[in-house]
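These notes concern the structure reproduced below.
Values reported hereafter were calculated over all heavy atoms of this structure, with side chains retained and with hydrogens, waters and symmetry mates removed. Within every chain, numbering begins at 1; the chains are lettered A, B, ... in the order of the sequence lines, protein sequences first and strands thereafter.
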Amino acid sequence: MAVRGNLEDSENRHETAGPEKLKQVGRSYPLHDAEAKATGRIRYTGDMSLQGMLCARILFSPLPHARIRRIDAAGALALPGVYGVFTHENTPDVLYNSQVWYAGQEALKDERLFPDTVRYIGDRVAAVVAANEQTAAKALGLIKVDYEELPAVFEAEQALRTDVPVPALAPWASPFFSKEISVGHVDECFEAPDAVVIEDRVETPKIHHAALEPHVCVAYPDHNGKITVLTPCQILYSVRLVVATVLGLPFNKVRVLKTPMGGSFGGKQEVTLEPLAAFFALATGRPVKIQLTRHESIISTRTRTKTIGYVRTAWDKAGNLLARDLKTVIDTGAYTSNGAIIGMAMGKKAFRLYRIPNQRYRTESVHTNTPVAGAARGYGSPQIHAITEINIDHAARRLGIDPVKLRLRNLVRPGDLDAGGGPPLGQAQIIACVAEGAKAFGWAQRRDAPHGTGRFRRGAGMACATHSNGYFGGFQDFTTMTLRMLEDGSMILNSGIQDLGCGTVTSMKQIIAEVMAISPDRIEAPEGDTETSPYDVGSQASRVTHVAGACALHTAGKLKEKLCREAAKLLECAPDEVILQSERIRSAAHPEKDCSYGEMVSLIQEKNRTEIIITETFQAQDNPGSYGADFVEVEVDTWTGLVRVVEVLAVHDVGRAINPGFVRGQIYGGVQMGIGYALTEDIAVDPVSGRAKGDRFSRYHLVNMPDMPPVRVILIEKGGDLGPFGAKSIGEIATCPTAPAVVNAVNQALGTNLETLPLTPERILRALACQ
Amino acid sequence: MMHKFRMACPDSVAETLELLAGMEGEIAYLGGGTDLVPQMQDGRRQPDWVVDLSQIPELACIRFDGERIRLGSTATFTQIAGSALIEEQGRCLAQAAGQVGSVQIRNRATLGGNIASASPAGDSLPVLLALDAKLTVLGPAGERRISFERFQIEPGEGLRRGELIAGIDFAAGSRGHTGDGRHVPADKSDFSAGGRHPIRVSAFGKIGSRQSVTIAKLNMAAFLEMEPGEGIVVKSRLALGALGRHPFRLRNVEEEMRGRRLDDSLIVDVTKRLQEVVDGAIPGRYSQTYKRQAIRGLAADVFGDLQQQVSVEKASSSNGPDQGGGKEEQEIGC
């Protein structure tokens, strides 16, 4: 195995020692459900079978843009075992936006369960609900649809051209969203006579999240008109919001339960199958399961946006970054989803990595007749960092300055403010990441090593990135948790957490265990249930450890206070004289009167007539940057155009690793995803037919284990921000620096300026032919 | 969705033929199922009968009868890739077998299945051309033997209704065998006279989108017979895949190689000819530009491998002829 997975916890961690010795935080416990997953005992949604459950299959549009003249479902309905055929004619026409996560959020609403005009190959035309998959699939083939084909547009920049008639995709013009953020005097800097101006056009592809588990959902009705939805998602409360809105139900008649996650990466951060399953369950009075195939998940759910970035930077000869002018054109596909706010998410990152006194960011979002883009690990961050970091290396080449030195000169420092007006950057340790990384990687030697002149050429490259820690500064961000200690001393955390396989459940347990002087396995921390759990914003925006983790910390702190207060009455001492240690409780004055947590909780119930329970709402009050730098060596076969990534070093400023094993796991996976983004992954919508070429795994190439290089990880843990024990996010930033680092390494190896991702063999050979 | 079908699980070839007589409708043979099962699941194939060949021991063997290497059609790629006999006597087949699909696919997928599926990019197919392999086909009309090349291109020579591929065989390719089925006695004096046995080497290479678990964009197999003293090419067979419906032999190029030394200038010349072959095979296709360039890398890989083998063979020829030693242990399932 290429990845080093069994490092000692102390290895490769650069910590500032805290005053207290942590017992639980900083240890690598396994995932709470790792054993059940590895042994196959866990029941994923696809494994679930409820009594009387029906299966739904969806008919997806074979055309990129067409009005549905007529749907003839008679043949399908006549098939024994078919319980219903659903189309735009017999389903709600309520419009919704799949990515809203709070009630009242403004967003273009242009999606409905089944449209009367399909807008891309993969749009929903109809669905059959039947006794089993086979019958449903057979019935799909019996539905006759009469389409009136409409002209379609597949390229974002074609959608923007005013001289070409573009079919109206939506009531909104193209671009449907545009915005500008500007600081300083950008134009003047570019006009300065001695400015070195570096200009690039970078293109990033639509990619598939490639979670092992395709999209799946089960819904069932009850006798009182309530619908329960079982879904492996990131956003329980968004599901409730959209399902209740589309079905016209009160929020308390929609119960959403988080099921075990078989991978998401943002792909299950939007509401896709849930309102369909809920509606079918309501209409048939039966439990209904919808499970997509891989092909269907690729074409019909969500992708990363295709993004075209125009970037110009102005430098002085010494390598100071004077100004940057950035523009992104965002192809969000056939429906809006997050097409507006993702452009802003990209722009905000541009002001938080380098000290750039003059910068302008403009973004335009357009619709095309292509698969719908939406949330994808990094939420715009991989796109914008590919655009900007490729440009920084281009500048380094032109200025004749080493890319590490050039970056060190311009990167932000701890305590810096956000020039774009966002929240302060906090303990931004990107300089430490780059400096430590360069040393550990042997950057200078590798960078100066000969590239070779024969068939194989070697090169080294690096890139930096920043990402957020929640919504603070942009949207409301808070979490509520209820924590209890039971009569045997065990504990239950009741919260709306959604573990995406990253270790949220275990991390929360570790944080609480640290405060309560208890073993993490004495805590139950079930995932969210919208009927019984307090509200949570969702497992998104890299907010879970930093914000929900802080909520767990504060809630545990309050619970401990209450326990000490109540125990003090019984121990006849002051609350601050109560000592909690190894799940036993005593007073400082009478250590001999020592009892277990369970005995004390029972006594408190009996004597004080109260329960050890706390409900606490935590509001985020900071949003520091997480930072990372990847160093990459590649070998390019100049005859076949194939790139082999030889080694990767990933250095991340995570503030504090609650569970270093999880943090490394995120980084290994992030690197894998980033290499794919740089080299092989592309849904590749054909510009003529609108059909996705990479619509199955035989034609959509993930980086697999044999192609994975050894990945080394260094964690910078200097704390200092408001996350629990100083912890900051890792799940999304883990993949952000990788792709540009790989591209920069290839460009160094070949002396090219490749800037259209992925760097396929064809593109590499074409660039070499142009040299 | 899987169509309704009936299944037969014979445990001998004789029983298979017996059962066959009573079957009506479309018959599909199940080897490893790596192609057939997905095809049946999505409805591309809807056979009335599925006949499982995987439980027939005589179809799973890999053996050497003194002249030819004989593989049963249900030998899996894992077995073939790991077979010392194949490595010794038909190295390119072992190499190709080791690069088919993933470990899981190789554990199930069979050589016979690869032939029957006839994917344009099937990795074993150019190899069977380079080894000049012959097939034994059984069916209602009895047994017929046919060269793989004719089998795949000649109209009416492919599988007919009810027929199954029982075996694949090719001439043993190590030193000590003529390659034409005639066994050259390992005569000490003969050997010490300067190694008059020809050197036979073969190699396979492919280019996909990644190192493994990848469908070939190009694949190639080469077999060379060299005169040992000067290292002159006496005979060669070269086959390319993923450039059309079937992989094909490059007889013109083979002819041009005859009489030449296996040196870098030969590789340069062959590469040039291979590029012309690509241009001729897929003119105007989007992939032409890439494939005509990338074939240079493939040629370098395959011929580099051959060169290396030749130099190893030459070095080891002072240690006596290899007779495919320990072949008893090398054989599988027979």
Side-chain angles (χ1 to χ4, degrees), chain A residues 2 55 57 128 130 132-141 293-296 454-456 635-645 675-676 679-682 684 686-688 693-694 696-709 758 760-769, chain B residues 1-5 34-35 38-44 46 98-99 101-106 119-121 205-220 242 264 267-268 271 274-275 278 285-304:
Chain A
C55 293
R57 299 263 320 188
V128 171
N132 52 52
E133 284 262 332
Q134 287 84 339
T135 307
K138 191 167 181 187
L140 276 191
T293 65
R294 175 63 53 189
H295 168 70
E296 292 168 346
R455 176 177 171 184
F456 297 96
E635 182 186 79
V636 186
D637 182 340
T638 59
W639 292 5
T640 64
L642 288 162
V643 176
R644 185 169 73 89
V645 179
I675 294 173
L679 298 179
T680 59
E681 293 189 42
D682 191 356
D686 184 86
V688 179
K693 288 183 238 174
R696 58 203 65 202
F697 277 159
S698 56
R699 298 200 288 257
Y700 184 91
H701 306 300
L702 296 162
V703 173
N704 57 8
M705 282 311 288
D707 276 352
M708 268 300 279
T760 57
E762 290 84 354
R763 286 185 176 135
I764 286 175
L765 291 190
R766 221 176 299 147
L768 285 169
Chain B
M1 178 188 65
M2 197 107 46
H3 182 79
K4 238 186 194 161
F5 61 91
T34 54
D35 282 333
Q39 286 168 358
M40 288 174 64
Q41 274 173 336
D42 66 20
R44 273 177 292 161
Q46 304 188 341
Q99 292 182 55
S102 62
V103 172
Q104 293 90 332
I105 288 182
R106 292 195 290 272
S119 156
K206 79 193 255 191
I207 291 176
S209 56
R210 56 190 172 199
Q211 288 177 51
S212 61
V213 201
T214 189
I215 295 169
K217 291 179 180 173
L218 277 174
N219 53 17
M220 178 159 77
D264 292 348
I267 299 177
V268 169
T271 301
L274 289 173
Q275 290 181 323
V278 171
R285 286 262 203 103
Y286 173 77
S287 59
Q288 182 192 355
T289 314
Y290 175 72
K291 288 187 178 182
R292 75 180 316 282
Q293 293 178 80
I295 202 158
R296 183 181 173 206
L298 182 59
D301 291 344
V302 170
F303 280 85

Check your understanding: Do NZ/NE/NH1/NH2 and the carboxylate oxygens of Arg57(A) and Glu296(A) come within less than 4.0 Å?
Key ->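 Between Glu296(A) and Arg57(A) there is a salt bridge, with a charged N closer than 4.0 Å to a carboxylate O.
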Point to revise | Asp35(B) and Arg44(B) ion-paired at < 4.0 Å | key: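 Salt bridge: no.
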**Study point:** Any side-chain heavy-atom pair of Trp639(A) and Ile207(B) under 4.5 Å
**Key:**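 Not in contact.
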Point to revise | Residue pair Leu642(A) / Pro761(A), side-chain heavy-atom distance below 4.5 Å | key: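 Contact flag for Leu642(A)/Pro761(A) side chains = yes.
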Exercise for review: Let me know which of Val636(A), Thr640(A), Thr638(A) forms a side chain to side chain contact (heavy atoms under 4.5 Å, CB included) with Ile764(A).
Suggested key: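 Passing option: Val636(A).
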With a 4.5 angstrom heavy-atom cut-off, is it the side chain or the backbone of [X] that approaches chain B, or both, or neither?
X         : result
Ser698(A) : both
Asp637(A) : neither
Leu702(A) : both
Arg766(A) : side chain
Arg699(A) : neither

Point to revise | Qualifying residues under side chain to side chain donor-acceptor pair (under 3.5 Å), relative to Lys206(B), sequence neighbours excluded | key: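 With sequence neighbours excluded, Lys206(B) shows a side chain to side chain donor-acceptor pair (under 3.5 Å) to Asp123(B), given in chain and number order.
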Point to revise | Engaged part of Lys217(B) at the chain A interface, taking heavy atoms whose separation is under 4.5 Å | key: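 The side chain, not the backbone.
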**Study point:** Partner chain A: residue of Ser287(B), Gly297(B), Gly208(B) with the largest heavy-atom pair count (under 4.5 Å)
**Key:**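 Of Ser287(B), Gly297(B), Gly208(B), Gly297(B) has the most heavy-atom pairs under 4.5 Å with chain A.
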